[in-house]
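Take a look at the structure below.
Everything quoted here is computed from the prediction, not taken from an experiment. Letters A, B, ... mirror the listed sequences (proteins, then strands); counts begin at 1.
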Protein chains: 2
Amino acid sequence: MLRSALNRLVRKLEAEGTPLAPAEKEALLRLPLTLREVRADQDIVRQGDRPTQCCMVVEGFLCSYKMLPDGERQILSFHVPGEIPDLQSLFLEKMDHALTTIAPSTIAFIPHEAVNVLLEQHFRIARILWREMLIDAAISREWIVNTGSRDAYARISHLLCELFYKLQAVGLTKGTSFNCPITQTEVADATGLSTVHVNRSVQELRGNRLIEWERGTCTILDLQALEDAAMFDLDYLHLASAGAA
Amino acid sequence: MLRSALNRLVRKLEAEGTPLAPAEKEALLRLPLTLREVRADQDIVRQGDRPTQCCMVVEGFLCSYKMLPDGERQILSFHVPGEIPDLQSLFLEKMDHALTTIAPSTIAFIPHEAVNVLLEQHFRIARILWREMLIDAAISREWIVNTGSRDAYARISHLLCELFYKLQAVGLTKGTSFNCPITQTEVADATGLSTVHVNRSVQELRGNRLIEWERGTCTILDLQALEDAAMFDLDYLHLASAGAA
DNA sequence: CGACGCTTTGACCCGTTTCAACAATGGTGG
DNA sequence: CCACCATTGTTGAAACGGGTCAAAGCGTCG
């Protein structure tokens with residue numbers, strides 16, 4: 001289990017394109033990971049916390065969010081296996097958002113010190129992780145576009161395209177199907193819509209035969225049409241293959 | 001002029017809290033900067049570009065934005081003097097958004113190679129710049145909240161609070177007044193609202209005596225009330241003083 | 001079987017958009 | 001110094017996307 005967690009990390013870092021040197025790989029495998037099984041809807045880190053470790057998603061599904069004084073919850077991103085959602089806590093002491101599971105998950109914790117040592121001794125790994133964090137930032141920018149400039153139908157389409165490509169990149173899709181434990185309420189919190197309206201839009205997507213989505217499994221029936229509806233442009237995910245083009 | 005640009009950079013980096021060592025400061029001052037005066041509404045970098053240099057705002061005002069196929073423009077962030085808005089192009093080859101001036105500006109260009117050398121030789125500077133980029137990401141997250149969860153009145157209030165604190169951090173405010181060359185159309189593109197509605201909301205803010213805003217100068221009359229209206233929480237800007245608390 | 005969480009539905013309402021003018025402002029050239 | 005033009009800001013009326021509220025269906029799991 002611990003081995004598989006570390007392997008996921010190595011694979012993730014190599015997905016950038018550059019294979020790791022033996023010394024680098026070894027340094028990664030020596031990282032002191034602590035695994036934890038977490039059930040759904042458990043906060044991993046809370047807003048205002050000052051973490052001393054960061055966490056990697058080994059299995060499951062996380063999201064980060066902020067709560068507003070008026071009770072609104074805004075989801076800021078979804079995190080799939082291989083990602084290290086709060087790596088930024090290495091540099092920004094105080095969490096400005098919370099991190100929670102939205103499905104039963106396996107999380108690996110890594111002490112900050114260990115990561116800091118890693119970064120100083122292996123600048124190439126530092127560069128790869130730096131790049132990862134910038135991709136997260138690129139996704140955030142696209143989410144601004146999503147909530148700011150697209151209508152409900154396009155927003156939800158876009159979210160589904162993003163999830164599909166992110167999951168595909170880590171090998172968690174079968175064809176155009178993927179496990180999608182996100183509830184419509186969570187889609188609503190992520191897109192700035194009401195659950196009612198999300199529901200109606202999802203039904204519209206189903207009616208147009210763009211997707212099927214029930215009991216935690218989402219199948220994209222017409223990816224091209226879904227991307228068109230979403231005005232989706234893959235570039236922002238900065239996937240290795242796309243970058244090479 | 002070139003000296004003042006470099007000084008602004010040094011000051012910005014030291015604003016993090018840690019004063020730079022003489023060797024570090026010297027390395028910065030040796031950076032090969034190219035200055036350029038640019039009038040308003042000129043693209044500095046375009047979506048799809050693969051820049052070989054990055055740029056620092058010395059004077060003026062920039063914004064980054066994306067265009068959608070349907071003609072909508074979404075502004076993603078505003079950039080004030082001292083910031084290096086496209087530093088990320090060091091790590092993400094292809095620009096996923098554009099960068100443009102919204103006021104006459106002075107820009108300093110720095111070749112990627114020079115920055116790369118700097119990062120490898122001075123890990124502390126790398127850490128500071130890394131942190132800067134993460135703060136940009138934190139601001140993007142807050143913009144997701146803004147467009148996703150706040151109504152028009154709060155969105156505009158929030159934008160003004162953000163600008164005020166960012167400008168204050170680099171010493172570009174006088175009291176609670178600051179130079180604000182942003183048009184209402186740009187506010188609309190940044191907040192995902194129509195210009196008409198922005199106009200009405202700004203008038204409401206004026207009517208409630210929270211702000212004055214005319215001819216490029218914005219004065220906040222009641223900062224506390226403006227922050228309340230915006231549900232503003234300073235934490236996300238990760239200013240040095242706030243981090244120390 | 002019953003309870004709980006998630007999805008679905010209908011009816012009504014409101015914030016925001018759209019369209020279409022018009023007024024103010026500021027910069028430019030004669 | 002004024003006439004002109006292009007931006008930017010302002011206004012009103014009508015329409016619409018999406019929100020709210022409230023209740024009912026449905027799966028699933030102890």
Rounding to an integer number of Å, can you tell me how far [X] [atom1] sits from [N] [atom2]?
X: Gln203(B); N: dG12(D); atom1: CD; atom2: C1'; result: 12 Å
X: Ile182(B); N: dG9(D); atom1: CD1; atom2: P; result: 11 Å
X: Glu204(B); N: dT11(D); atom1: CD; atom2: P; result: 13 Å

Contacts of His158(A) meeting ring-ring contact (aromatic ring centres under 6.0 Å, His included) (sequence neighbours excluded), chain-then-number -> Phe232(A), Tyr236(A)
Charged N to carboxylate O below 4.0 Å: is that the case for [X] and [Y]?
X: Lys94(A); Y: Asp49(A); answer: no
X: Asp96(B); Y: Arg141(A); answer: yes
X: Glu83(B); Y: Lys166(B); answer: yes
X: Arg46(A); Y: Asp43(A); answer: yes

Check your understanding: Counting any heavy atom closer than 4.0 Å, what does Arg39(B) reach on the DNA or RNA strands: base, sugar-phosphate only, or nothing?
Key ->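 Contact class for Arg39(B): none.
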Its contact letters, B for base, S for sugar-phosphate only and - for none at protein heavy atoms under 4.0 Å, make nucleotides 20-30 of chain D read BB-----SS--
Taking [Y]'s backbone N and O only, do any of them form a donor-acceptor pair with [X]'s side chain (distance below 3.5 Å, no angle check)?
X: Glu212(B); Y: Arg206(B); answer: no
X: Arg150(B); Y: Met231(B); answer: yes
X: Asp86(A); Y: Ser89(A); answer: no

Could you tell me if [Y] and [X] have a donor-acceptor pair between their side chains, going purely by distance under 3.5 Å?
X: Thr101(B); Y: Gln42(B); answer: no
X: Asp228(B); Y: Gln224(B); answer: yes
X: Glu186(A); Y: Thr183(A); answer: yes
X: Glu59(B); Y: Ser105(B); answer: no
X: Thr195(A); Y: His197(A); answer: no
X: Gln203(A); Y: Asn199(A); answer: yes
X: Tyr165(A); Y: Glu227(A); answer: yes

Sorted by number, residues from residues 60-68 of chain A placing a heavy atom under 4.0 Å from DNA chain C are none
Kindly say if Arg206(B) contacts the phosphate of dT10(D), meaning a side-chain N or O under 4.0 Å from OP1 or OP2. yes
Is the shortest side-chain N/O distance from Asn199(B) to OP1 or OP2 of dT10(D) below 4.0 Å?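 Yes, because at least one side-chain N or O of Asn199(B) sits under 4.0 Å from OP1 or OP2 of dT10(D).
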In short, the helix from dC1(C)-dG30(D) to dG30(C)-dC1(D) is bent end to end, axes from five pairs each side, to 10°, by 40°
| Value rounded to 0.5 Å, distance of NZ in Lys12(B) from CG in Asn7(B) |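 The NZ atom of Lys12(B) sits 15.5 Å away from the CG atom of Asn7(B).
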How would you give the extent of chain A contacts on DNA chain C, as first and last nucleotide 5' to 3' within a 4.0 Å heavy-atom cut-off?
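Counting from the 5' end, contacts occupy dC6(C) to dA11(C).
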query: What parts of residues 183-193 of chain A reach DNA chain D, counting only heavy atoms under 4.0 Å away?
result: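 Contacts with DNA chain D under 4.0 Å: Gly192(A), Leu193(A).
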